[in-house]
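Data block below; observations after.
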2 protein chains.
Amino acid sequence: MSGGAPQGYDPYAFEPFAVTVDLAVFTVRGGRMHVLLIRRGQEPYEGSWALPGGFVLPRESAETAARRELAEETGLPEAVVAALHLEQLRTYSEPDRDPRMRVVSVAFTGLVPDLPEPAAGGGGDAAHARWVPVGEAAGLAFDHAVILADARERVGAKLEYTCLATAFCPPEFTLGELQAVYETVWDATVDRPNFRRKVLATPGFVEAVPGAARLTGGRGKPAALYRPGPATTLHPPLLRPSEGHPR
Amino acid sequence: MSGGAPQGYDPYAFEPFAVTVDLAVFTVRGGRMHVLLIRRGQEPYEGSWALPGGFVLPRESAETAARRELAEETGLPEAVVAALHLEQLRTYSEPDRDPRMRVVSVAFTGLVPDLPEPAAGGGGDAAHARWVPVGEAAGLAFDHAVILADARERVGAKLEYTCLATAFCPPEFTLGELQAVYETVWDATVDRPNFRRKVLATPGFVEAVPGAARLTGGRGKPAALYRPGPATTLHPPLLRPSEGHPR
DNA sequence: GTCCTTTATAGTCAAGTTGACTATTAAAGG
DNA sequence: CCTTTAATAGTCAACTTGACTATAAAGGAC
């Protein structure tokens, strides 16, 4: 606890640690889940892929540092970084997770819609950033593979009982696109009519775009467009198939 | 990210922070939820109640520090501390949360069964520790009121979709006791027959103690005894009433 | 244009789950 | 013995879910 120094100890006799943030930012592209990675330009792990992140500055909270580092390191547009759905995952504090020194890292999970050309275009360090399919993210620096796995699991679980899936979609989307998010994140197939029924029956999950707005992604009947609704949680939840809950 | 220093910056030019842990340890006593607090013996907030916790030592992870601090500060028996269900809540990193210096705190949630006389008996600092009904925990030091509120909400939510409630019960318990845990944590009433049906229908949630073991808490028909089963998650979940999910 | 393919959307139906109840059983206390 | 208390058994309708079938509206190939 802050200030909760052991009684009788000098509360100022603390060990100084470096505090960093790491971000697992996901998007769904072409039916596959991607994570935003940067190529490390210095030791240790020079040349390896790593999650974006960096040191928390003296007057910043971890949340503030996370957004700043993301903007600096990946060149994502300001608007995207500001609107990004960001959430604390957990803190990684194993003593030897960084070979140089004692570093405690607060990890975050971020969700963005598929971007035209995400990690490009930005200036400076952006050139080192890339969207990588999660299945191909091997050999990550530090304990970032663990963080990535934890983040994936958390996102999958959150889709079950929150309305978070819309964070992967553009401002207006079809139910087919929303279903694709679920199927991609869960790596499972979902029955389409049942999915529609569930989503539309959950008040505030999505709301229809009023104008007879429709959009065709190519072939097939045009789909109605929806926007994220005011609801944030799903009651009752939308449980993923398999995963050991025999029904 | 550990090591993910902004490209081009000196990775060693980090700001040293103090890193602490804070623990919100709960138990259920007499139909009320209690949290373990300590009375601060020094400034700041001298004399105030606070969550137990303290600095993470150079070679410790936050989890290790949490258990050590709990044992040191509260005098809970070693066996209890070792068996305690402990889980990261989140990390609090607002720059001014500690008036003395920059302190980043990793908060944990702990669950223990009702103990004969919890915070007493231990040596040293244990005298400063006490179980306090959560409703009466006012004027906590630092941002501990926020941490406590977050922890309560998390525990309530976890009861819905995990088998965690048994962590509040002794090794063998009746379904009535288990139901009381739910009712106390949720501050809601639960229909008894429906609760039994749900718990018994969830494979691995609880298992009957084989010997015709029965126990009477006093009046009434003796209840069968159960032990925690191997399951950890509840599929489908056991949703709390109210809370805006009209059924 | 006329098929054929593709995707969206509308239903149906049985099985499973839940919420609200009503018994019945087995103890303790007077 | 009768009342109180709590555990356990069972009922029933409403709701939800999983598995399907059917229809509608577009584009593409000929």
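Any value given below was found using the heavy atoms of this structure, including those in side chains, with hydrogens, waters and symmetry copies removed. To find a chain, count down the sequence lines: A is the first, B the second, and so on, and within it residues start at 1.
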remark   = The answer to which of B:Asn194 and A:Lys198 contacts DNA chain D further toward the 5' end, by nearest nucleotide, is B:Asn194
Pairwise 5' ranking along DNA chain D for B:Tyr226 and A:Leu238, keeping only the more 5' one = B:Tyr226
For the [atom1] atom of [X] and the [atom2] atom of [Y], what is their distance to the nearest 0.5 Å?
| X | Y | atom1 | atom2 | answer |
| --- | --- | --- | --- | --- |
| A:Thr109 | A:Arg154 | OG1 | CZ | 6.5 Å |
| B:Leu159 | B:Phe168 | CG | CZ | 6.5 Å |
| B:Tyr161 | B:Thr232 | OH | OG1 | 11.5 Å |

key: Sub-4.5 Å side-chain heavy-atom contact between A:Val25 and A:Trp131   = yes
query = Do you know which two heavy atoms are closest between A:Tyr92 and A:Asp150, and how far apart they sit?
reply = OH-OD2, 2.5 Å
Separation of [X] atom [atom1] from [N] atom [atom2], in whole Å?
| X | N | atom1 | atom2 | value |
| --- | --- | --- | --- | --- |
| A:His235 | C:dT18 | NE2 | P | 14 Å |
| B:Asp191 | D:dA9 | CG | C1' | 13 Å |
| A:Leu239 | D:dT17 | CG | P | 8 Å |
| B:Leu225 | D:dA7 | CG | P | 12 Å |
| B:Leu234 | C:dT18 | CG | C1' | 14 Å |
| A:Arg240 | D:dG18 | CZ | P | 14 Å |
| B:Tyr182 | C:dT18 | OH | P | 12 Å |

request  = From the options C:dG11, C:dT17, C:dT22, select the nucleotide whose nearest atom is closest to the side chain of A:Pro193.
outcome  = C:dG11
inquiry  = Once side chain to side chain donor-acceptor pair (under 3.5 Å) is applied, what residue pairs with a partner in residues 198-208 of chain A remain, sequence neighbours excluded?
reply    = none
Between protein and nucleic acid, restricted to nucleotides 5-8 of chain C and to nitrogen or oxygen atoms under 3.5 Å apart, what atom pairs and distances do you find?
{"residue": "C:dT7", "atom": "O2", "partner": "A:Lys221", "partner atom": "N", "Å": "3.2"}
{"residue": "C:dA8", "atom": "OP2", "partner": "A:Arg192", "partner atom": "NE", "Å": "3.3"}
{"residue": "C:dA8", "atom": "OP2", "partner": "A:Arg192", "partner atom": "NH1", "Å": "2.2"}
{"residue": "C:dA8", "atom": "OP2", "partner": "A:Arg192", "partner atom": "NH2", "Å": "2.8"}

query = D:dG18 base to A:Arg197 side chain: any donor-acceptor pair below 3.5 Å?
reply = yes
message = Applying salt bridge (Lys or Arg N to Asp or Glu O under 4.0 Å) to B:Arg90 and A:Glu63, what does each step give before you reach the verdict?
response = CA-CA 12 Å; B:Arg90 79 177 202 86; A:Glu63 286 74 9; 3.4 Å; yes
